Each structure stands twice: as structure tokens, then as C-alpha cells.
Amino acid sequence: MIPSTPVPAVVPSGRMADNAQPVLPLPDSGLELRPWEAADAGALVAAGLDPGIRQWNLLSVGTAEEARLRIARMHERWRAETGAVWAVARPGRGEAMGLVGLNDVDLAGGSAEVVYWLLPPARGNGVVVEAARRVGRWALDDLGLHRLRLCHAVANEASCRVAAKAGYAFEGTMRGALLHADGWHDQHLHALVQGDVVHRDV
């Protein structure tokens, strides 16, 4: 019998926790991705009140205190190497106008899920496409993950366009995959893996 050989971790532990969360420039839009700060609580409250964000992201933040606690958890998740979440903002500690990040980070397995939303003033000019593409490059090229998944309700056609433009290939439909306020939704599954070519046309 051939002895089993343990599968090595795709990314060794400590790759995130031993380093500061980086600031990632978005040159096409002139914006940047930076870590969330307690002073950004107002942007999270505004997102929690936005009908579109609430519908598709299940975001429930009602007060500034709840927002500050959520921001503190973002930093805890970086240290625990289970999540990496950035604010979309203008350089120089500008006001947060959106969120993009990685949930369910699994360093050993080499995977994570991409999530994002934008407040209304930042929508419609390709920012979220650029942000999703930039986070993908960081996750695969810098962090060293192998696979990123991007999921959205089938009814969320705008998010489907974002996924395609950002280079996340459509892989199929997951039936009854997520419970929203109006019931269970089928979800589209998109993915980006090491070796994929990410096109820059928006």
C-alpha cells in the first residue's frame, strides 16, 4: 500500500496576519482600496439603508455603533486570515463609497469568495468592475490563492455583468442557494482561477 501524503497548504498561515493589509490603487478610476476605519461608520449605515444593497447583500447595519463593531470585525478577520475587506475611496483617506473584499478565505485550500457593493454616487462608471478585478489579482498573484468564486442571485443582472467584465467565468447555477427577504434565490456561480487571463476592457 502506498502511504498517503498530506496535501500541503496552498498558502502558508501567516501570509495575511503577519503583514499589514495593503492599500490597492485603482488607476482607471483614480480611487483606491484601503482598510476600513472606524470613521467610515457612516458609509456602512448608508449602505444598510440603501434598498439595492440590502436586497442583494443581506447587509443589516442600523446604527453607527453597529457599523463600528462590524468594521472592528473586518480587522479581526484579517488577523484570523478568514477575510480581507477594503473600502473603495479616494486617495488620502477619502470618504468610503463602497466595499470589495474576500469572504470565507481558506488559505490551506487556496480559495475565497469575492463580495462587493457601491453606494449610489459611485455606481455606473466601471468602479466595481475595476475593484473586483484588482482584488482578484491581489488574491491570486500576491496572496497566492488558487481559486476565487463570485456568486450572485440570478435576478441580479447587474452583478452578472460585473462578474463577466471583471473576468470571472460563468460556471453554472446553484439552485435555492441563498435566502433573501423575498425567499430562496438561485445563484449564478462565477470563478477566477490561477492561469485565467483577465481582460482589461470594461
Side-chain angles (χ1 to χ4, degrees), residues 10-11 24 26 28-29 31 33 44 47-61 70 74 77 82-88 97-202:
V10 176
V11 178
L24 307 176
L26 301 176
D28 291 350
S29 61
L31 303 176
L33 304 180
L44 270 188
L49 295 174
D50 182 84
I53 294 174
R54 288 174 61 93
Q55 179 180 10
W56 301 122
N57 294 270
L58 307 180
L59 179 65
S60 178
V61 179
R70 181 179 283 265
M74 293 177 189
R77 291 172 61 206
T82 59
V85 184
W86 286 267
V88 181
M97 58 185 72
L99 174 150
V100 64
L102 305 172
N103 280 344
D104 299 326
V105 173
D106 177 3
L107 294 185
S111 68
E113 180 175 3
V114 176
V115 295
Y116 50 77
W117 51 256
L118 288 180
L119 290 169
R123 295 175 189 164
N125 54 9
V127 172
V128 72
V129 172
E130 186 183 10
R133 185 183 290 133
R134 182 66 186 89
V135 164
R137 289 205 314 272
W138 178 83
L140 299 182
D141 298 342
D142 298 335
L143 184 58
L145 297 181
H146 174 72
R147 175 181 168 87
L148 302 176
R149 65 188 179 278
L150 192 162
C151 306
H152 63 83
V154 172
N156 187 353
E157 297 178 356
S159 199
C160 199
R161 291 192 294 271
V162 167
K165 290 180 179 181
Y168 293 75
F170 176 68
E171 294 190 339
T173 301
M174 302 182 294
R175 297 178 299 154
L178 188 63
L179 181 62
H180 287 274
D182 60 350
W184 288 97
H185 278 244
D186 293 350
Q187 283 194 307
H188 279 168
L189 171 64
H190 302 257
L192 184 67
V193 300
Q194 284 283 359
D196 285 349
V197 176
V198 180
H199 300 287
R200 290 188 56 81
D201 55 310
V202 175

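Values below: all heavy atoms of this structure, side chains included; hydrogens, waters and symmetry mates excluded. Just so it is clear, the structure is predicted and the values come from calculations on it, not from any experiment.
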request  = Search all heavy atoms of R54 against all heavy atoms of A47 and return the closest pair with its distance.
outcome  = CG-O, 4.2 Å
inquiry  = For W56 versus A153, what's the shortest heavy-atom pair and its separation?
reply    = CZ3-CB, 3.5 Å
inquiry  = Under a 3.5 Å distance rule, please check whether D104 uses its side chain to pair with a backbone N or O of A112 as donor and acceptor.
reply    = no
query = Looking at side-chain heavy atoms only, is the closest gap between V115 and N57 below 4.5 Å?
reply = no
query = Which residues satisfy the side-chain hydrogen bond (donor to acceptor under 3.5 Å, both in side chains) test with D142, sequence neighbours excluded?
reply = none
ask   = Less than 4.5 Å apart, any side-chain heavy atom of M74 and any of L44?
value = yes
request  = Only counting residues at least two apart or in another chain, list the ones meeting side chain to side chain contact (heavy atoms under 4.5 Å, CB included) with V128.
outcome  = Y116, L118, V162
note = For P120 and D50 the tightest heavy-atom approach is CG-OD1, 3.3 Å
ask   = Of L24, L145, L33, which meets side-chain contact (heavy atoms from CB on, under 4.5 Å) against W138?
value = L24
note = Taken to the nearest 0.5 Å, the spacing of R70 CZ from R77 CZ works out to 9.0 Å
query = Does any N or O in the side chain of H190 come within less than 3.5 Å of the main-chain N or O of C160, such that one atom is a donor and the other an acceptor?
reply = no
ask   = Looking only at heavy atoms, what is the nearest atom pair of S29 and V127, with distance?
value = CB-CG2, 4.0 Å
ask   = Do V114 and L102 touch side chain to side chain, with heavy atoms closer than 4.5 Å?
value = yes
query = Do P121 and M97 come within less than 4.5 Å of each other through their side chains, counting heavy atoms only?
reply = no
task = Check whether any side-chain heavy atom of V10 sits under 4.5 Å from a side-chain heavy atom of D106, and report yes or no.
result = no
request  = Identify the two heavy atoms, one from G167 and one from L192, that lie closest to each other, and give their separation to 0.1 Å.
outcome  = O-CD1, 3.4 Å
ask   = Got a sec, which residues hit side-chain hydrogen bond (donor to acceptor under 3.5 Å, both in side chains) with D141, two or more places apart in sequence or on another chain?
value = none
remark   = Scanning both residues in full, the closest heavy-atom pair of H180 with Q55 reads ND1-O, 2.8 Å
ask   = Does the side chain of V154 reach to within under 4.5 Å of the side chain of H185, using non-hydrogen atoms?
value = no
message = Does E157 have more than 12 heavy atoms from other residues, nucleotides or ligands lying within 6.0 Å of its CD?
response = no
request  = Please answer whether the main-chain N or O of D28 pairs with a side-chain N or O of E130 as donor and acceptor at a distance below 3.5 Å.
outcome  = yes
